Structure formats: structure tokens, C-alpha cells
Amino acid sequence: MTLQSLLVELFVEELPPKALKKLGDAFAGVLAEQLRALGLASADSVVTAYASPRRLAAHISLVWPKADDKAVQQKLMPVAVGLDAAGQATPALLKRLQALGADVSDPAAAVAALRRSPDGKAEALFYDSLQAGATLDTGLQKALEEAIAKLPIPKVMSYQLESDCELPGWTSVNFVRPAHGLVALHGSTVVPVKVLGLRAGNTTHGHRFEAAARPVLLRDADSYEATLETDGAVIASFARRKAEVARQLASAAARLGGGVCPVEDDALLDEVSALVERPNVLVCEFEAEFLEVPQECLILTMKANQKYFPLLGADGRLTNRFLVVSNISPVDASAVIGGNERVVRPRLADAKFFFDQDRKKTLASRVAGLDKVVYHNKLGSQGERVERVRAIARTIGQQLGGAVLAGQADQAALLAKSDLVTDMVGEFPELQGTMGRYYALNDGLALEVADAIEDHYKPRFAGDALPRGMTGVVVALADKLETLVGMFGIGNLPTGDKDPFALRRHALGVIRMLVEKDLPLDLGALVAAVAAVFGEKIAHATPALTSFIYDRFAGALREQGFSTQEVEAVLALQPQRLGDVAKRLAAVRAFAALPEAPALAAANKRIGNILKKALEVDPHVSELLLKEAAEIALNMAMKDIVPKANAQFDAGDYTASLQTLAALRGPVDAFFDGVMVNAEEVDLRLNRQGLLKSLHGAMNRVADLSRLVA
């Protein structure tokens with residue numbers, strides 16, 4: 001049998017651009033996976049996915065026309081059930097063999113062909129047969145149907161088949177877009193498969209306007225990409241098309257000179273690459289007067305509405321030129337350029353109109369309008385929410401910077417949501433905060449307050465910058481904590497992959513600000529203060545929320561390279577100052593490297609178990625009741641070492657504190673070797689438990705060392 005490449009293509013109407021790459025990868029991936037499972041594709045087969053606006057295709061190397069036959073061993077039944085006392089086949093055995101397709105016309109011969117083999121305590125009958133390998137015709141049919149069924153289609157369309165299709169009449173088909181062609185080539189041979197009412201052939205269609213051949217004839221599977229490019233004027237590979245768009249964008253910008261460059265946006269690059277079959281980048285421009293509008297507005301309208309690439313100058317400011325990725329390459333492109341310039345002008349004019357109109361009213365005058373905007377049916381309007389955020393911001397600001405910071409934070413919190421009722425944010429919700437800053441500066445507010453209005457949404461995503469100033473940090477903390485406490489208080493918690501209010505992101509934002517700004521705020525007290533602002537609107541949610549925050553913190557720390565043991569040891573104590581956690585982790589890591597660490601960690605776990613069984617234990621120790629030499633020695637060592645360790649802990653030197661405590665290993669080992677903790681005399685037992693309670697408390701101020709036990 002000859003190994004050859006396989007090419008499968010579905011030719012369809014324009015596919016959804018944001019899903020195109022995923023659809024192409026899934027189509028090729030499932031197809032190859034199914035062919036390998038059937039033994040038709042080699043484990044070394046190279047799979048190449050193709051996806052253009054009007055096609056999904058896969059090229060798979062090393063495909064057999066027929067899979068190898070397989071020896072199949074099937075257990076039938078115990079010998080005692082399959083054969084009677086005379087060794088003849090029972091009706092049950094004959095029925096089972098018949099179901100498997102075996103010849104039972106001669107029962108004796110059928111029994112003789114079976115194999116006996118031990119199966120546990122009994123002996124069983126086994127039927128050995130040779131299963132014919134799948135042919136490519138049948139195997140590809142199954143694989144193709146599976147690949148189509150498993151496509152991650154965002155929204156299915158229902159359409160009727162054309163009259164000349166395989167299933168004519170009023171038959172309906174459900175697929176991502178109406179399909180009009182199917183190619184299946186093994187080498188140069190057409191594989192006769194059928195799907196979506198289409199029969200496979202060896203022709204496809206190229207570019208709507210620029211194809212050199214109509215239809216495009218494919219000689220064989222391996223020439224697919226090259227033939228489609230030369231005869232069809234289509235770059236079939238999504239990756240190659242994307243690279244070509246990026247190359248042309250950079251080249252067009254370089255030709256303009258002056259250090260201009262297109263806005264970097266990989267998602268837009270993907271989307272545009274999914275909209276064109278053969279890209280042609282053109283330079284366009286708009287009137288310079290539109291540059292009076294904040295550049296974020298212009299950039300967003302060009303990218304979101306028109307799929308254009310705005311050009312930035314060497315200073316990072318927007319220029320009045322932009323790049324268009326066209327799907328046609330006329331000799332004279334002036335009509336295409338002029339058309340795009342005419343299309344973008346009303347968009348920019350709308351943005352300028354919104355900006356001019358919005359500036360006629362101050363942000364402060366818009367605050368009352370937030371009372372009409374519903375935030376949540378159980379938590380009231382945005383106006384009510386603003387008042388809660390203000391109260392929280394004043395409290396945090398007072399703690400961190402006194403009356404001045406509290407006043408600035410209060411003003412920023414009052415105005416932070418006002419841009420939600422502006423025309424610009426109504427048209428472009430992505431600009432909330434950004435437009436608030438512009439309007440605040442237009443109103444003559446302090447830069448610190450204007451920055452805080454924009455920054456209170458930060459960090460918006462993983463890796464995003466934190467607020468620039470302390471006022472922004474305070475309002476951002478207040479805003480995120482209000483959301484977290486409110487949602488937890490009404491039981492609106494994230495479940496699985498559903499998190500409509502982005503509570504996980506808010507929690508990570510709170511963590512980052514507390515840690516990276518090293519804020520002197522206790523998490524538990526902070527959450528409790530926020531909960532008090534809600535009054536009777538919410539239930540008590542502090543414990544559940546703090547656990548949620550520590551869980552998010554644990555995950556973030558593990559992603560940073562800390563081990564699960566290290567993270568659990570530190571966070572088991574739920575340290576209230578999150579800014580201290582990094583130092584605690586460093587101390588635990590240094591302690592774990594000491595030779596005394598394993599024994600002390602094991603002893604710590606043992607002490608914890610003893611105290612758990614003893615329930616309430618007074619850490620007080622009476623030296624008069626210390627009888628054994630080992631307990632006397634441990635008490636003396638603790639009197640010498642623990643005060644030093646505590647002083648180091650109080651000074652924030654957690655590493656030194658744990659290393660000082662490591663000197664207790666000898667006395668601790670000797671204590672457990674020579675002292676019976678649970679003595680029969682009640683006073684001795686309680687005194688020894690008190691000694692261990694004191695030791696346990698001293699050893700676990702930095703972290704729960706018992707979590708370091710392997």
C-alpha cells in the first residue's frame with residue numbers, strides 16, 4: 001500500500017472572522033485524530049490546517065488507502081457456561097458466536113477453533129479473529145462527519161440544500177455557514193465521501209474577483225496551497241496570511257517615514273487576516289481637525305467599527321493617517337482609498353460630536369443621573385453604589401494618608417462613574433474611565449483626581465498596570481472591594497468558568513495593590529469595614545470572601561514559582577498584611593533548607609495533633625511542675641531563644657526569626673524522647689501541654705511549619 005498525502009477542503013460562504021482560526025485548527029485536528037484512531041494515518045503524519053474566509057481545509061501527510069488488519073481477541077464466557085458435560089457447545093455459546101459473525105454451521109468445528117485460557121479462578125473461552133482494517137473511503141467518511149460535528153461553531157445556521165445537491169428538495173442542513181463545495185484528494189485520487197449534501201471532487205473556487213481560473217483544478221493533495229495561490233489568488237494558510245498582513249503593515253508605515261508605526265493589536269490582526277483572502281495594505285488619511293478628539297476615541301472607532309490600523313507617530317500620538325487591509329489589488333487603488341476615507345469620516349465626526357457635547361456638562365452635574373442607572377436589583381442603583389464607594393474610599397484614604405488623601409479619594413469616587421451617562425461612553429463602553437479623565441481635566445480638576453477617575457478600573461487584566469497615584473489606588477481598592485463584598489453578600493458567587501461580575505479578577509486586583517504597594521492594611525478589618533457600609537442590604541460574607549481572596553492569592557503565588565508546601569505553610573495563618581507574604585515565603589524557603597527543618601516540622605505537626613486532642617490548653621508554664629530533665633532543658637532553651645525570635649519577628653526579619661528557632665531542635669527532640677506528655681497526674685499533664693502550647697505559638701508566627709512535612 002502506498003502512503004500519500006490527504007487533502008480535505010470544505011468551501012463555504014464567509015465564515016465568522018473571530019472564530020476562523022479556531023474553526024480551522026479544530027477541523028484539521030479532529031480529522032487527523034480520527035484517521036490515526038482508525039489506523040489510516042501514521043503517528044508521524046504532519047497535519048497542516050488551512051482557513052480562509054471561505055474555506056476550511058486540512059492537509060495530512062502519510063495516509064494509507066487501507067488500514068492494516070487487526071487480530072482481535074474476545075472473551076466469550078466461562079467454559080462451564082459455554083460447554084456442556086460432553087464438551088459440546090451450549091445454545092448460549094452458539095448464539096454469542098453467531099452474533100460475532102462466526103460460522104456455526106458445524107458446532108464441533110466452531111468449538112475447536114476457540115481458545116481456552118485461565119481467567120481468574122475459572123477457565124474461559126476466547127474467540128480469536130482477524131478484523132479487516134478500515135478503507136480510506138469509509139474511514140474518511142466517518143472522520144469527516146466527526147470533524148464537522150465537533151467544530152466549535154459559535155452559532156449554527158440552518159439552510160436548505162440546493163436542488164442539484166446530493167439530497168435535493170426541502171432538506172435542511174445545520175452548519176456554521178452554507179457549504180458549496182467539498183474536496184477530498186488522496187494523492188491525485190478523489191476519495192468518494194459525501195457530507196452536508198455535497199459529493200467530493202477535485203475542484204474548488206479561488207478569489208471572488210482575482211482568481212486566474214474558475215473553478216480551480218487541484219492536481220493532487222500536495223499542490224493544494226501553491227495551486228490555490230497561483231490559480232485562485234488565495235493565501236490558504238491563516239498563519240501565512242497573518243504574517244503577510246503584518247509585513248505589509250510594517251512596510252507601508254516605513255514608506256511614510258517619520259517613525260510612524262501601526263497600532264499593535266494582535267486580536268485585530270487575527271480578525272483582519274480572517275476577512276481577506278489575499279491582503280493588500282493601503283494608506284489612507286482623514287482631516288487633521290479630528291485629532292482634537294482624544295486619540296483613544298478615534299483609535300477605538302477605527303479599529304472596532306472599520307477594522308483599520310491607526311498610525312502613531314514617533315511620539316506615540318495618533319496621526320491623521322491609517323492603514324486599510326483590502327481584499328482586492330487594483331492597478332489604480334485610488335477608488336478603494338477614497339471609499340475607505342469617506343466611510344471613516346462620519347465615524348470620526350460622530351466621535352467629535354459626542355466629545356463636544358459631553359464637555360458642555362460637568363462630571364459633577366451628571367452624578368444625579370446615576371440614580372437612574374440600575375447596578376443590581378438587590379444592591380440598588382449606580383448612584384447608591386457611588387455613595388458606598390465614597391464611604392469606603394474615605395476610610396481607606398484616612399488610614400493611608402489622612403484628611404488630604406481621604407478628601408481627594410472622596411472627590412474621585414464621587415465622579416468616577418459619571419462618564420457612564422455620557423454620549424461617548426454610551427457609544428463606546430470600553431472608554432469608561434478614560435473619558436472620565438478627559439472630562440475631569442476639562443472641568444479643571446486636579447491631575448491626581450483625574451488620573452484616579454481613569455485608574456480606578458485598574459488593573460483591568462493580568463499584567464495590567466496599577467493606578468498611577470495613591471488616590472487612584474484608594475478608589476480602585478474601594479471600587480473592587482465594594483463589588484466583592486456586595487456580590488458575596490447576596491450570594492452571587494463565581495461558579496465553574498462563570499464569573500459575570502469578574503470577581504476573580506477583582507480579587508487579584510485587590511491582592512496586587514495590597515502586595516505591590518505594600519499597603520499597611522489588614523485584609524480582615526478592611527473587608528469588615530466594607531461590609532458595614534452595606535448595612536442590611538447584604539448577609540455576613542466576610543469569612544467566605546477572605547477565603548476566596550486567599551485562594552486566589554495561593555494560585556497567583558504558585559504561578560510565580562513558589563511550591564504548594566511553601567504557599568500553604570504561609571497562607572494557612574491567613575496573614576492580614578498581604579505585603580508581608582513575600583518575606584514570609586522567603587523565610588520559609590530559607591528555613592526549609594536548614595538541616596534542622598525536617599525534624600522541627602515533624603515535631604510541630606506532632607505538637608499540633610497533641611494540642612488538638614487536648615482541646616483547650618493554657619499556654620502558662622509552672623517551673624515548679626517541671627520534673628524531667630528534658631522538659632526543664634526545653635523550657636530554659638525557650639526562655640533564651642523565643643524572645644530573640646519574637647524580637648526579630650516584630651522587626652519584620654522573618655528569616656532570622658525562623659533560623660533562631662531552629663536552635664530548638666535538640667531540646668525538642670530530647671523532650672519527645674524522654675517525656676510523657678499525657679502523664680497520669682493532671683497537673684503534670686496540663687503543665688506539659690502548656691509548655692507545648694507556648695512552643696507551638698512561638699514556632700508558627702511566620703508560617704504553619706507542619707505544612708512542610710513531606
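Just so it is clear, the structure is predicted and the values come from calculations on it, not from any experiment.
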Which donor-acceptor pairs under 3.5 Å do the side chains of residues 349-357 make with protein atoms, sequence neighbours left out?
unit_1: Lys352; atom_1: NZ; unit_2: Asp356; atom_2: OD2; d: 3.1
unit_1: Asp356; atom_1: OD1; unit_2: Arg359; atom_2: NH2; d: 2.6
unit_1: Gln357; atom_1: OE1; unit_2: Lys360; atom_2: NZ; d: 2.8

Could you tabulate the donor-acceptor pairs under 3.5 Å formed by side-chain atoms of residues 527-547, not counting sequence neighbours?
unit_1: Thr546; atom_1: OG1; unit_2: Thr542; atom_2: O; d: 3.0
unit_1: Thr546; atom_1: OG1; unit_2: Pro543; atom_2: O; d: 2.9
unit_1: Ser547; atom_1: OG; unit_2: Pro543; atom_2: O; d: 3.1

Give every donor-acceptor pair under 3.5 Å between a side-chain atom in residues 457-467 and any protein atom, sequence neighbours left out.
unit_1: Tyr457; atom_1: OH; unit_2: Gln432; atom_2: OE1; d: 2.8
unit_1: Lys458; atom_1: NZ; unit_2: Asp455; atom_2: OD1; d: 3.1
unit_1: Arg460; atom_1: NH2; unit_2: Gln432; atom_2: O; d: 3.4
unit_1: Asp464; atom_1: OD2; unit_2: Arg460; atom_2: N; d: 2.8

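Each side chain to side chain donor-acceptor pair (under 3.5 Å) pair with one or both residues in residues 363-374, not counting sequence neighbours, appears once here: Thr362-Ser365. Residue pairs meeting the salt bridge (Lys or Arg N to Asp or Glu O under 4.0 Å) criterion with at least one member in residues 267-284, sequence neighbours excluded: Arg54-Glu277, Arg55-Glu277, Lys242-Asp270, Glu271-Lys307. Among pairs with a residue in residues 394-421, those fulfilling salt bridge (Lys or Arg N to Asp or Glu O under 4.0 Å) read Arg390-Asp410, Arg394-Asp410, Lys417-Asp479, at least two apart in sequence or across chains.
For Tyr375, there are no ring-ring contact (aromatic ring centres under 6.0 Å, His included) partners two or more places apart in sequence or in a different chain. Listed by chain and residue number, nothing satisfies the ring-ring contact (aromatic ring centres under 6.0 Å, His included) test with Phe309 (two or more places apart in sequence, or in another chain). Applying the side-chain contact (heavy atoms from CB on, under 4.5 Å) criterion to Ala246, with sequence neighbours excluded, gives Leu269. With sequence neighbours excluded, the residues forming a ring-ring contact (aromatic ring centres under 6.0 Å, His included) with Phe649 are Tyr654, listed by chain and number. The side-chain contact (heavy atoms from CB on, under 4.5 Å) search around Gln295 returns Ile299, Arg317, Leu318, not counting sequence neighbours. By the side chain to side chain donor-acceptor pair (under 3.5 Å) test, Glu384 is found to be paired with no residue, residues two or more places apart in sequence or in another chain being considered.
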